[in-house]
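Notes follow once the structure below has been shown.
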Amino acid sequence: MEGLSKPSARFSLNHIFFDSLLDRLSEFSLALEPVRSQRPSIAPNNQVFLGKIYTQFYPTVETVEAMLVSNNKVVILGSHHDVQRYVARLDINVRYQYLGEEQVLCPGFIEPNMNLVISAMLQQWSHIGPFGFDCGWQKLMPNYGLNYIARALLYLDKGLKPKDWLLGYGLYSVLLDESAQTSQHNVYELIQQVCIDRPVAILDATSAIAYVNDSALEAIYAYLENHAANPFSSKAIFFDLVRRQNGLLNEQLVWLVEALPEDQLRRQLMNMFAQIDSLIERARSSGITHIGTIDSHPFARKVLTQYQQTNPAINLVEPKHSWLQELNSLACLSTHHQAVQPAANRSIAINIGEVGYCGYDWVKSYHGQSMLQPCQQLMEQGYNVCLQSGFPVLPLSPLRAAEQACSRMMEYAPGCYTRDERVLLPDQCLSKPQSLNAITKAAADHLGFNLGILKEGDTANFVHLSADPLAKSSNFRELAVVACYAHQ
């Protein structure tokens with residue numbers, strides 16, 4: 001393998017592959033299918049909520065007994081008696097909603113970083129990771145491995161049109177073998193051996209590599225042959241290189257984009273609005289009232305601008321500041337930063353789910369310690385720390401991210417690891433209030449908006465949960481969202 005390229009260690013939606021995919025889509029006319037957006041839960045005018053209501057989680061946890069919402073605004077917060085007296089004084093008719101014994105209200109969750117258009121595009125591919133085809137499982141599936149991947153591909157093949165490619169993403173090769181190189185080789189061999197008579201291309205979740213079968217390579221080489229800059233003197237040399245690399249790597253992924261069938265791409269573009277709408281409904285059902293859209297490609301922004309005219313069910317906002325966007329490693333925490341005070345340009349959105357799912361791979365890595373995202377240390381050094389879900393590779397769930405920030409538990413590790421050994425940097429665990437703040441107020445601060453708390457006079461964006469997240473026995477991931485109230 002000496003002299004061969006290796007896939008880049010990080011693969012994100014900012015990769016040139018996705019820019020090239022959007023470039024290709026922009027060649028088609030933007031005639032998108034209209035959709036009928038589902039309306040969010042809206043608190044009726046003059047509604048009083050009675051029960052345990054969290055108004056903020058950090059730096060202090062604050063609760064009230066009652067909240068009056070009118071015209072999408074929080075009118076008054078306080079005790080039951082305070083709100084009753086306010087209602088009587090104004091002589092207004094109100095509707096009362098009593099929360100269940102264990103139920104609570106809290107500020108709406110905020111997803112600070114999402115490439116919404118690319119995420120919607122990938123929903124028309126198939127998720128080949130350990131969270132189900134729709135990336136909806138909240139925990140790793142117990143039987144994730146090569147056998148599952150083979151069965152999944154054979155199942156997905158049956159539902160495709162004859163000339164379509166089988167396209168997938170999110171394959172976690174790091175969960176398949178002790179060695180990343182060995183697991184990537186095993187996946188590549190599996191793609192060649194599985195009996196599917198159509199082109200297959202599957203993107204890895206963490207490395208810039210696409211596993212492709214011979215049918216896909218034939219189509220890609222046909223594109224290269226018609227291209228003036230074909231770097232290969234023969235098809236055999238091209239096939240041999242891809243075989244030795246275990247797939248297409250890094251910038252080679254652009255060749256894959258150019259070889260994809262036009263008809264399939266046109267259909268996926270036509271369904272874009274419906275897919276965005278589906279994602280927003282999924283976000284709303286997870287308690288998300290605001291999504292920070294970080295789509296920067298001109299075509300993606302054009303799609304979003306057109307989509308927002310449909311009145312989506314939650315708030316789509318763009319960050320107001322050019323926040324610090326870096327890998328949250330120990331390297332950014334050198335000693336000369338020890339006395340840094342909070343400042344407007346020191347905010348980080350952490351994909352904490354990677355600690356749970358890639359932590360074991362990082363522990364084995366020579367440089368793995370620098371990847372472990374020390375949340376507490378970042379906060380102590382003046383960073384505003386918020387959490388992102390990592391969608392579409394990881395499930396869209398702020399509560400899952402909050403739980404993982406509290407536990408820092410490797411969810412994938414050999415059985416010989418004890419529970420204590422599965423916790424990575426235990427001193428960096430966030431407290432429950434800190435982690436809930438990281439998906440509410442801190443996420444709002446990251447975007448540059450005055451959101452993430454319940455305050456009199458502010459817009460009423462809040463979520464109704466099935467149980468108290470700060471209860472001693474509470475497991476964030478198991479909490480159900482009873483209703484999500486997202487107001488403009």
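In what follows, residues are counted from 1 in the order of the sequence shown.
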Counting N and O atoms only, with roles assigned by atom type, does the side chain of [X] sit under 3.5 Å from a partner on the main chain of [Y], one being a donor and the other an acceptor?
{"X": "Asn213", "Y": "Val200", "answer": "yes"}
{"X": "Gln388", "Y": "Ala349", "answer": "yes"}
{"X": "Glu65", "Y": "His80", "answer": "yes"}
{"X": "Asn437", "Y": "Pro59", "answer": "no"}
{"X": "Thr293", "Y": "Leu316", "answer": "no"}
{"X": "Ser119", "Y": "Asn115", "answer": "yes"}
{"X": "Glu111", "Y": "Ser389", "answer": "yes"}
{"X": "Arg408", "Y": "Cys429", "answer": "no"}

How far does [atom1] of [X] sit from [atom2] of [Y], to the nearest 0.5 angstrom?
{"X": "Asn351", "Y": "Asn113", "atom1": "CG", "atom2": "CG", "answer": "9.5 Å"}
{"X": "Asn271", "Y": "Met121", "atom1": "CG", "atom2": "CE", "answer": "9.5 Å"}
{"X": "Ser286", "Y": "Leu396", "atom1": "OG", "atom2": "CG", "answer": "5.0 Å"}
{"X": "Glu251", "Y": "Ile16", "atom1": "CD", "atom2": "CD1", "answer": "6.0 Å"}
{"X": "Ser215", "Y": "Ile191", "atom1": "OG", "atom2": "CD1", "answer": "12.0 Å"}
{"X": "Asn246", "Y": "Gln184", "atom1": "CG", "atom2": "CD", "answer": "6.5 Å"}

Could you go through the side chain to side chain contact (heavy atoms under 4.5 Å, CB included) check for Val117 and His297 one step at a time? CA-CA 10 Å; Val117 172; His297 191 282; over 6 Å; no
Of all the heavy-atom pairs spanning Arg282 and Ser285, show the shortest one and how long it is.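 Taking every non-hydrogen atom into account, O-OG, 2.7 Å.
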Looking only at heavy atoms, which two atoms of Gly129 and Tyr148 are closest? And how far apart?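 Scanning both residues completely, I find the closest heavy atoms to be O-CE2, 4.0 Å.
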Enumerate the side chain to side chain donor-acceptor pair (under 3.5 Å) contacts for residues 133-145, please, sequence neighbours excluded, ordered by first and then second residue.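 Passing the test, one end in residues 133-145: Gln138-Ser397.
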Parallel, tilted or perpendicular, as decided by the 30° and 60° cut-offs, for the rings of His487 and Phe462: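 Phe462 and His487: tilted rings.
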Taking the inter-plane angle between the rings of Tyr155 and Phe133 on a 0 to 90° scale, is it parallel (under 30°), tilted (30 to 60°) or perpendicular (over 60°)?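 If you compare the ring of Tyr155 with that of Phe133, the planes turn out parallel.
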Can Glu403 and Arg400 be said to form a salt bridge (Lys or Arg N to Asp or Glu O under 4.0 Å), step by step? CA-CA 5 Å; Glu403 181 186 312; Arg400 174 191 56 82; over 6 Å; no
Only counting residues at least two apart or in another chain, list the ones meeting salt bridge (charged side-chain N to carboxylate O under 4.0 Å, His left out) with Asp468.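 Lys52.
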Contacts of type salt bridge (charged side-chain N to carboxylate O under 4.0 Å, His left out), residue Arg243, not counting sequence neighbours: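 Checked Arg243 against salt bridge (charged side-chain N to carboxylate O under 4.0 Å, His left out); matches are Asp240.
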Using distance alone, with no hydrogens and no angle criterion, decide if Gln376 and Gln434 have a side-chain donor and acceptor under 3.5 Å apart.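 Yes, a side-chain donor-acceptor pair sits under 3.5 Å.
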Taking 4.0 angstrom as the limit, do Arg477 and Glu411 come out as a salt bridge?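 Yes, this pair counts.
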CA sep, side-chain torsions, deciding dist, call: Tyr169, Phe17, ring pair (Phe, Tyr, Trp, His ring centres under 6.0 Å): CA-CA 12 Å; Tyr169 72 99; Phe17 169 80; over 10 Å; no
